[in-house]
Amino acid sequence: MKKFILKKRDNSNKNNYIINYKKELNSAQYDAVMHNTGPALVLAGAGTGKTRTMVYRVARLIEDGIAPEKILLLTFTRKSSKEMLSRATKLLDGRVNKVSGGTFHSFALQTLKIFHKSIGLNQNFSLIDQSDSEDALSIVRTEFINNHNKYKKKKRFPNKSILSAIRSKSINKRDSIEQIILNEYQAFTDEIIEIEWILDEYSKYKNRSNLLDYDDLLLLLLKALNDSNVSDEISKRYKYILIDEYQDTNRIQHEISLKLAGREANLMAVGDDAQSIYSFRGAEHNNIIFFPKSFDTCTIYKIEENFRSLEPILKFTNKLIEESPISYKKRLFANREGGEKPYIITAKDERQQSEFITQQILESREEGIDLNEIAILYRSNFLSIDLEIELSKSNIPYKKYGGLKFIETAHVKDMIAYLKLVNNFNDLISWNRILGLIKGIGPKTISKITELVDKNSLNFNNYQQLLSEFRNKHRIFETFSMIASLSLNDKPDQLLEKISINYSDILKEKYSDSEKRSKDIEIMIQIASTYNTLDSFLSDMALDPPNSSVEDILPTDNESEFVTLSTIHSAKGLEWKKVFLVWALDGRLPSVRSNSIDDIEEERRLFYVASTRAKDDLFVSYPINIFDRQTGFVLSKPSRFLDNISEDLAARFTLVEEV
DNA sequence: GAACGGCTCTTTTTT
DNA sequence: AGAGCCGTTC
């Protein structure tokens, strides 16, 4: 019989990596990158190279022979996932492109497409976005109110967006509707039964239409993962899981993460509890605290050296967050010395604030600073209006993030609705939208027609007989015959071309600015031409739509230099040399709508996220004497988060106009 | 009875 | 830009 001896494996080839990890990373980053198996939590403060660490870890795993498709990288937006992978590709090579991943929602979609059978999901489901979902809720709600006279006139019955928020929170926080109302919507504690009933009807409505909303994606993914066949298959597929922005995951995402990781639990969560800003979406910054407790052992890595900001900015932001009762105290220290203290600037009104910033940007341009290195950040979308006017006046090109997106404009949504019907004839939400475009057709007629669709008694052969009694029947017929002429086999851009021929009449009737809107549709067709299948186009439009606003959807390439205007939320993860945080006014940041201590603390973190975007210069400004309609108060105090900022941390100025 | 047009109000943040 | 309300029109 042969005798074996165990020979110690030679690990010295670890030094044969293509990438010199030791040299290119600091020791905290290096440790996280080299983390091998088992659960790990990486606490990486703002500007400490969190993305860099993830990029290097992906590369390192691949260099160690892990098949790239077995690495699952879950990120907060698809943009950040693309960015990470392209950076890792530059670092290593094309193998990186095979890494699996996306956002939780897009990953859920991919998985449900494969495993739909095991949870009894019809394959041809389509996705609806927030506003579609609210449309459906509104239909159900109106019907309910019409059937119950006592809600007709009197008091405030929750509107569609509140209903949507309640449902969404209940799913995302894994809590009952009743609990959510008792905890967060006390104004409606007397209507719990009614709300539950409406939300239940809404679910049925979606089921009949074969539609899934954002929350359903997560809920069904979790359901699928609870099937042991699915979860076994999944654990075979993905051996190493990395999750970014863990502080902004919610309870259901946490549960999904644990399921995905399976018994091996090669799960690395990365995040910073100081930057948790999505609690309105059910995000639970405590997830990051609970994370290690979900396992017997969990390695924790802290990365605290800040490479982004000059020291005075870091001192300022450290002070901002110092009073926050977050659990993991980090001490960020600066790698970059020099620079000036942040400016805190009082403007007498909004106009003056806009003019000042515009002037600063013009001066920066004179000094040779690239406009791409400048950002203006604000709490809420509508706070940018005056700035936009002023920037346009001075011919400063800008690109706006957050706010009304291309995909959310009425005409684009209309076009999408036609496409969805090609894919799914039972999509009642799209029928509602499309039929509503026809002149002479209102809610009553629509509900009669959709009822026929719902009963499966209407089709392309019999619509003329069934719908002949209606007023304006010819226009209804036109719509039907147009949709009938569309085929699933046509490419998305061809479909849109056909639709737009019919739609252009509607557009002209409905809008005074129809020319502008029909240009948008041309742009839409261009975007669609990069897709081969309707399904892929529609999925992307629901989960990964072009996220800048209408005007700058297509890079008007000759203008490659632009200032960024963004909500703080949309600025997450990004950085600029010069950052202007505007409207740092008590009542705007924190918003007057934030009341509880938790709300206020989240506003503080928002302030923190905004200021930590700055590399070299930070300007915090606020106008005073602003009348707030909601409260009836005049807002004239700077943000309370600036209260404890002493003169050695920031320099305060008042704008005075030169005479 | 159903749909329309014009008015005012209002705007946290997003997958 | 859009949503909701209300008086007017078909």
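The model shown is predicted, which means the values in this text are computed figures rather than measured ones. A note on names: the letters A, B, ... follow the listed sequences, proteins ahead of strands, and every chain is numbered from 1. As a basis for the values below, the full set of heavy atoms in this structure was taken, side chains included, without hydrogen atoms, waters or symmetry mates.
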Practice problem: Give A/Glu602 one of three labels, base, sugar-phosphate or nothing, depending on what nucleic acid heavy atoms sit under 4.0 Å from its own. | Solution: nothing

Quiz prompt | Whole-Å gap separating P (B/dA3) and CG (A/Asn432) | solution = 12 Å

Practice problem: Scan A/Lys160 against the nucleic acid and name what it touches under 4.0 Å (heavy atoms): base, sugar-phosphate only, or nothing. | Solution: sugar-phosphate

Quiz item: Only one of A/Gln110, A/Arg78, A/Gln253 forms a side-chain contact (heavy atoms from CB on, under 4.5 Å) with A/His105, so which one is it?
Solution: A/Gln253

Quiz item: Rounded to whole angstrom units, what separation is found between the CZ atom of A/Phe382 and the P atom of B/dT10?
Solution: 12 Å

Quiz item: Side chain of A/Arg593: nearest nucleotide among B/dT15, B/dA3, B/dT11?
Solution: B/dT11

Practice problem: Could you tell me whether the phosphate oxygens of B/dT13, OP1 or OP2, come under 4.0 Å of any side-chain nitrogen or oxygen in A/Ser570? | Solution: no

Self-check item: Side chains of A/Phe627 and A/Arg629 in contact at under 4.5 Å (non-hydrogen atoms)
Solution: yes

Quiz item: Is A/Glu509 salt-bridged to A/Arg475, cutoff N-O under 4.0 Å?
Solution: yes

Quiz prompt | N/O (side chain, A/Thr77) to phosphate O (OP1/OP2, B/dT14) under 4.0 Å | solution = no

Quiz item: Taking only N and O in the side chain of A/Arg629, is any of them less than 4.0 Å away from OP1 or OP2 of B/dT11?
Solution: no

Quiz item: Taking the side chain of A/Pro443 as its heavy atoms from C-beta onward, which of B/dT13, B/dA3, B/dG5 lies nearest to it?
Solution: B/dA3

Quiz item: Counting only heavy atoms not in A/Tyr511, do more than 12 fall under 6.0 Å of its OH?
Solution: yes

Quiz item: A/Ser106 near the nucleic acid: base, sugar-phosphate alone, or nothing, with a heavy-atom cut-off under 4.0 Å?
Solution: nothing

Exercise. Find the distance A/Asn381:CG to B/dT10:C1' and express it as a whole number of Å.
Key: 13 Å

Quiz item: Given atom CD1 of A/Ile446 and atom P of B/dA2, what is their separation to the nearest angstrom?
Solution: 13 Å

Quiz item: Do A/Lys50 and A/Asp244 meet the salt-bridge criterion of a basic N to acidic O distance under 4.0 Å?
Solution: yes

Exercise. Could you check whether A/Ala542 gets within reach of a base, just the sugar-phosphate, or nothing at all, counting any heavy atom under 4.0 Å?
Key: nothing

Practice problem: Just call it for A/Thr567: base, sugar-phosphate, or nothing, with non-hydrogen atoms closer than 4.0 Å on any strand. | Solution: sugar-phosphate

Self-check item: Among B/dT15, B/dA2, B/dT13, the one nearest A/Lys444 by side-chain distance
Solution: B/dA2

Practice problem: Walk along DNA chain C from 5' to 3' and tell me the first and last nucleotide with an atom closer than 4.0 Å to a non-hydrogen atom of chain A. | Solution: C/dA1 to C/dG4

Quiz item: Counting any heavy atom closer than 4.0 Å, what does A/Arg588 reach on the DNA or RNA strands: base, sugar-phosphate only, or nothing?
Solution: nothing

Exercise. For A/Lys516, answer base if it contacts any base atom (sugar-phosphate contacts may also be present), sugar-phosphate if it contacts only those atoms, and nothing otherwise; contact means non-hydrogen atoms under 4.0 Å.
Key: sugar-phosphate

Quiz item: So, A/Tyr278 and B/dT14: ring centres less than 5.5 Å apart, planes less than 30° off, yes or no?
Solution: no

Practice problem: Would you classify A/Leu606 as touching base, sugar-phosphate or nothing, given that sugar-phosphate means primed atoms plus P, OP1 and OP2, and contacts are heavy atoms under 4.0 Å? | Solution: nothing

Practice problem: Give the nucleotide from the list B/dT11, B/dC4, B/dA2 with an atom nearest to the side chain of A/Thr445. | Solution: B/dA2

Exercise. Quick one: list whatever passes side chain to side chain contact (heavy atoms under 4.5 Å, CB included) with A/Glu350, sequence neighbours left out.
Key: A/Ser354, A/Asp386, A/Trp583

Exercise. Figure out the CG/P separation between A/Asn250 and B/dT14, and round it to whole Å.
Key: 16 Å

Practice problem: Give a yes or no on this: more than 12 heavy atoms of other residues, nucleotides or ligands lie within 6.0 Å of atom CD of A/Glu515. | Solution: no

Practice problem: Applying ring-ring contact (aromatic ring centres under 6.0 Å, His included), name anything that partners A/Tyr503, two or more places apart in sequence or on another chain. | Solution: none

